[in-house]
Amino acid sequence: MAANICGILLAAGASKRFGSDKLLHPLSGQTPVAVAALARLRAAIPHVIAVVRPGATALENLLSDAGATVILCANADDGMGASLATAVSASGEVAGWVVALADMPYIRPETIVKIGASLAAGANIVAPAYRGKRGHPVGLSAQFRTQLQALRGDEGARELLRQNANVLTLIEVDDPGVCRDIDTPVDLLQDR
C-alpha cells in the first residue's frame, strides 16, 4: 500500500448513550475499546492521527502510547464533522485518508488494508460492505480535502458520501466488524 495514506481515528465523542467513557472501557482481553480500534488501524496503516476531545487525558495518553499522533479537537462538541476536519487539516500532504471510528474495535486489519490499497490504486471514495451493508472505515482521496476541512456538525462525512455516491467503490468483505460499533454497554455482551 502507498505510504502516503493517513489513518484517522475519530475518538472525540462524548459517549452519551454509553453512560461512561466507552472508549476506555476494557474489552474481554482487557484492552480499552479505542486502543483495540487503533491497533487494528495501525496494523494496516502505520501513520495514524487520533483525534480526542480536550480533557480526555487518559485516552490521549493511551492512544499516544499505542503509536498514534494524538491531536485535540477544541470544538469536539460540534460533532464528528469538526473532529474529521481537524484531523484532515493536521495530516499534511497525503494522497488520502482511511477514517475509522474509535468505537468500532472489531474491524479486521485485512479489511483496512483493502480500503487503503483501493485508495492508493486511485479510488476516490472506498468503503467496505458486509452482506450488502456499507460499513467502516471509509477511505477518501485527497481531492476531497477542502470539503473535509469544511465539515461541521455530527454527520461526519455522510453528506459528502451521499453527494459523491457515483464515485464510491464498495468492497464486499467477510468481516462483520465493519458494521459493529459500541454505543451502549449491551453492545459489549457479544465481545469476542
Side-chain angles (χ1 to χ4, degrees), residues 1-11 13 22-23 25 27-29 31-51 63 66-68 80-81 83-84 87-88 91 94-144 148 151 155-184 186-192:
M1 181 189 331
N4 206 18
I5 303 295
C6 178
I8 293 176
L9 186 72
L10 298 178
K22 67 182 173 184
L23 300 181
H25 196 280
L27 297 172
S28 62
T31 301
V33 169
V35 174
L38 173 62
R40 289 173 178 235
L41 182 58
R42 284 200 69 235
I45 301 172
H47 177 225
V48 174
I49 293 173
V51 185
L63 294 175
M80 192 183 303
S83 297
L84 184 50
V88 168
S91 67
V94 296
W97 306 269
V98 174
V99 182
L101 307 178
D103 66 352
M104 295 186 74
Y106 301 109
I107 301 168
R108 296 180 186 145
E110 55 267 26
T111 296
I112 301 166
V113 166
K114 289 177 183 177
I115 301 302
S118 185
L119 265 184
N124 295 307
I125 302 174
V126 60
Y130 177 68
R131 297 184 178 170
K133 182 179 179 192
R134 187 183 68 77
H136 286 86
V138 174
L140 298 143
S141 75
Q143 79 177 54
F144 296 107
L148 291 168
L151 289 176
E155 285 200 351
R158 188 176 299 143
E159 182 62 19
L160 181 124
L161 295 175
R162 189 189 65 71
Q163 291 174 359
N164 294 281
N166 59 320
V167 295
L168 170 64
T169 301
L170 276 180
I171 299 174
E172 187 67 33
V173 295
D174 184 24
D175 182 356
V178 304
C179 296
R180 185 172 174 215
D181 63 347
I182 296 172
D183 286 326
T184 68
V186 173
D187 296 329
L188 290 169
L189 294 179
Q190 26 179 309
D191 182 20
R192 56 180 168 89

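These numbers come from a predicted model, not from an experiment.
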Within-4.5 Å side-chain heavy-atom neighbours: [X] and [Y]:
X      : Y      : answer
Leu170 : Leu168 : yes
Trp97  : Leu119 : no
Ile125 : Ser141 : no
Leu23  : Asp103 : yes
Pro176 : Tyr106 : no
Leu160 : Phe144 : yes
His136 : Val178 : no
Met80  : Leu101 : yes

For Arg162, salt bridge (Lys or Arg N to Asp or Glu O under 4.0 Å) partners two or more places apart: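 Here the qualifying residues are Glu159.
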Do you know the tightest heavy-atom contact between [X] and [Y]?
X      : Y      : answer
Ala95  : Ile5   : CB-CD1, 4.2 Å
His47  : Ser91  : CE1-O, 4.5 Å
Thr169 : Ser118 : CG2-OG, 4.2 Å
Ala34  : Leu9   : O-CD2, 3.9 Å
Ala36  : Pro105 : CB-CB, 3.8 Å
Ala50  : Leu63  : CB-CD1, 3.9 Å

[atom1]-[atom2] distance between [X] and [Y], expressed to the nearest 0.5 angstrom:
X      : Y      : atom1 : atom2 : answer
Leu27  : Ile182 : CG    : CD1   : 5.5 Å
Arg158 : Gln163 : CZ    : CD    : 13.5 Å
Cys179 : Arg134 : SG    : CZ    : 9.0 Å
Arg180 : Tyr130 : CZ    : OH    : 11.5 Å
Ile49  : Ile8   : CD1   : CD1   : 6.0 Å

Would Val126 and Val138 count as a side chain to side chain contact (heavy atoms under 4.5 Å, CB included) if you check the C-alpha gap in whole Å, the side-chain angles of each, and the deciding distance to 0.1 Å? CA-CA 6 Å; Val126 60; Val138 174; over 6 Å; no
Member of Val94, Val99, Val98 meeting the side chain to side chain contact (heavy atoms under 4.5 Å, CB included) criterion with Cys6: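 Of all the options given, the one that passes is Val94.
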Using the test side chain to side chain donor-acceptor pair (under 3.5 Å), find all partners of Thr111 that sit at least two apart in sequence or belong to another chain.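 Once residues adjacent in sequence are excluded, the partners of Thr111 under the side chain to side chain donor-acceptor pair (under 3.5 Å) criterion are Asp175.
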Polar side-chain atom of [X] near backbone of [Y] as donor-acceptor pair, under 3.5 Å:
X      : Y      : answer
Arg108 : Asp174 : yes
Arg131 : Val173 : no
Gln143 : Asn124 : no

Between Val33 and Lys22, is the side chain to side chain contact (heavy atoms under 4.5 Å, CB included) condition met? List the steps. CA-CA 7 Å; Val33 169; Lys22 67 182 173 184; 5.6 Å; no
